[in-house]
Number of protein chains: 2
Amino acid sequence: MFPAVLGWGQRFMPRHADPALPERRRAQILEAARRCFLERGFRETTVEEICAEARFSPGALYRYFDAKADIVAAIALEARAHAQAALHRLEDGADLIDALTELALIFFAAFEGERDGALLADIWGEAARDRALAQALAARDGVVAARVAAAIARAQRAGRAYPALSPQDAAEALMAMLDGMALRLALRREAGSAAAARRFRAFAVHVLKPKR
Amino acid sequence: MFPAVLGWGQRFMPRHADPALPERRRAQILEAARRCFLERGFRETTVEEICAEARFSPGALYRYFDAKADIVAAIALEARAHAQAALHRLEDGADLIDALTELALIFFAAFEGERDGALLADIWGEAARDRALAQALAARDGVVAARVAAAIARAQRAGRAYPALSPQDAAEALMAMLDGMALRLALRREAGSAAAARRFRAFAVHVLKPKR
DNA sequence: ACCTGAACACCGTTCAAGT
DNA sequence: ACCTGAACACCGTTCAAGT
């Protein structure tokens with residue numbers, strides 16, 4: 001039976017019986033959606049399937065997300081946040097090249113192979129027509145690029161990076177290369193993140209190391 | 001009235017009254033679709049709208065394309081073929097950097113701004129889940145990368161490019177950068193292809209020019 | 001052969017009704 | 001408040017019927 005104490009019509013009912021419930025529900029939906037998307041891709045997955053996986057009804061799902069696209073958007077931001085964690089090593093005094101390579105490896109590995117790679121392209125496809133998502137991704141990218149640029153500038157001052165190079169331009173170029181390489185991995189539908197990270201590293205060394 | 005001479009039931013009717021008709025129809029549909037996609041984006045455009053724009057019925061359209069996705073695929077391959085034309089300068093004896101910059105400019109310009117940029121991401125999104133399209137794009141990319149690599153190797157032999165660099169790896173890296181920069185342009189929804197091409201050029205010079 | 005357009009199937013989203 | 005599930009709206013695709 002429904003306990004009247006928590007009933008909807010009750011006078012001094014707390015606004016949220018469980019204040020953490022919305023966040024729990026969102027996480028529950030995102031987890032289910034991620035499993036579905038990896039299995040079948042974003043477009044092939046129906047809202048009904050996500051609901052079944054999350055043991056939810058469609059009506060309840062739309063209480064926590066305004067649209068199916070918002071679910072991929074949330075997953076996209078999660079993935080970026082994950083890679084961003086690797087940035088801490090850039091400030092840790094770790095070698096610049098090592099830290100960049102680790103960032104690349106995490107990013108590539110997150111989208112390696114057929115299914116995860118398709119998710120990366122899905123996200124970009126969504127961002128292309130979802131202004132808010134595009135801006136959110138661009139904002140994250142801006143933060144990453146700025147921190148990479150700062151790390152490059154520090155390395156230059158320490159004589160450990162080629163000095164006649166704009167840190168901002170170099171950072172932008174390297175980030176663009178990361179995106180492009182990840183995309184190529186995705187479209188080839190192969191596992192090759194380790195090899196890609198090695199190629200990225202060799203290139204970063206060539207670009208950044210002081211010439212002599 | 002329908003002329004009986006060309007009638008369907010006639011005995012020795014030629015296989016194709018007009019052998020060029022299928023190609024004309026495809027071109028007609030692609031043009032209409034491109035206009036619609038630029039206006040509203042791939043997903044927002046309905047097949048019905050493409051048909052209206054092309055003055056066609058849905059049934060007729062499906063005679064020339066198996067699915068809506070096949071229409072974007074055809075447009076994607078057209079765009080790549082267009083950029084590929086710029087490759088001829090690589091074999092023309094033109095300066096390597098100049099030729100690469102021109103390639104970059106054509107590529108960026110093709111996807112500059114909000115609408116065309118979104119189309120680029122659309123294409124990648126489709127490729128992510130359309131094996132045939134992904135392979136077709138990868139094949140084109142392979143051709144381009146191979147020709148760029150050959151041009152780099154020639155420049156190295158002529159002493160006009162830094163020699164201790166794998167031409168293949170450098171070509172791949174530069175192509176990945178092109179994709180990544182184009183994507184960033186697309187997501188920022190800005191016109192900036194000229195500036196992006198300049199940044200690409202500066203970076204290519206830094207990467208390729210002999211150190212001294 | 002080539003085309004039309006109504007009908008079908010499917011899926012994202014909403015909303016009245018339950019507890 | 002939180003959830004259910006039937007109903008709605010829309011759109012990609014098919015197919016029987018026309019010329």
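Naming: A, B, ... by sequence-line order, numbering from 1 per chain. Remember, it's a predicted structure, so these values are computed and weren't measured experimentally. Keep in mind that the numbers below use all heavy atoms, side chains included, and drop hydrogens, waters and symmetry copies.
Rounded to a whole Å, the CG atom of B/D18 is 12 Å from the C1' atom of C/dC2. Note: CZ (B/F42) to P (D/dG12) measures 8 Å, nearest angstrom. Whole-Å rounding puts the B/L21 CG to C/dA1 C1' distance at 10 Å. Spacing between atom CG of A/L61 and atom P of C/dT14 amounts to 11 Å, rounded to whole angstrom units.
The shortest side-chain heavy-atom distance between B/F56 and B/Q28 falls under the 4.5 Å cut-off. A/V47 places none of its side-chain heavy atoms less than 4.5 Å from the side chain of A/I71. Counting only heavy atoms from C-beta outward, the side chains of A/R63 and A/R25 never approach each other to under 4.5 Å.
Applying the salt bridge (Lys or Arg N to Asp or Glu O under 4.0 Å) test to A/E78 and every residue at least two apart in sequence or in another chain returns A/R34. By the side chain to side chain donor-acceptor pair (under 3.5 Å) test, A/E31 is found to be paired with no residue, residues two or more places apart in sequence or in another chain being considered.
The main-chain N or O of B/P58 is never found under 3.5 Å from a side-chain atom of B/E48 such that the two would form a donor-acceptor pair. With hydrogens and angles disregarded, a donor-acceptor distance shorter than 3.5 Å links the side chain of A/K68 to the backbone of A/F42.
Between B/R63 and the phosphate of C/dT4, there is no side-chain N or O to OP1/OP2 separation shorter than 4.0 Å. At C/dT13, one or more side-chain N or O atoms of A/Y62 fall inside 4.0 Å of OP1 or OP2 (strictly under the cut-off).
Counting only Watson-Crick or G-U wobble pairs whose defining distances are both under 3.5 Å, the stems of 3 or more consecutive pairs in DNA chain D are C:4-8 with D:12-16, C:12-16 with D:4-8.
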What does the list of N/O pairs under 3.5 Å between the protein and nucleotides 5-11 of chain D look like, with a distance for each?
from: D/dG5; atom 1: O6; to: A/G59; atom 2: N; distance (Å): 3.2

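In this structure, A/R25 reaches the sugar-phosphate backbone alone: every heavy-atom distance under 4.0 Å involves primed, P, OP1 or OP2 atoms, never a base. Here A/Y64 lies in heavy-atom contact (under 4.0 Å) with sugar-phosphate atoms only.
Only one option out of A/L100, A/I97, A/L103 pairs with A/F200 in a side chain to side chain contact (heavy atoms under 4.5 Å, CB included); it is A/L100.
Between A/L30 atom CG and A/R35 atom CZ the span is 11.0 Å, to the nearest 0.5 Å. We find the CG-CD distance between A/L87 and A/E102 to be 10.0 Å, quoted to the nearest 0.5 Å.
Contacts between residues 26-36 of chain B and DNA chain D, counted as heavy-atom distances below 4.0 Å, involve no residue at all.
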Side-chain atoms of residues 136-155 of chain A: list all donor-acceptor pairs with protein atoms under 3.5 Å, sequence neighbours left out, distances to 0.1 Å.
from: A/R140; atom 1: NH1; to: A/Q84; atom 2: OE1; distance (Å): 3.0
from: A/D141; atom 1: OD1; to: A/R80; atom 2: NH1; distance (Å): 2.6
from: A/R147; atom 1: NE; to: A/E91; atom 2: OE2; distance (Å): 3.4
from: A/R147; atom 1: NH2; to: A/E91; atom 2: OE1; distance (Å): 2.8
from: A/R154; atom 1: NH2; to: A/L90; atom 2: O; distance (Å): 3.1

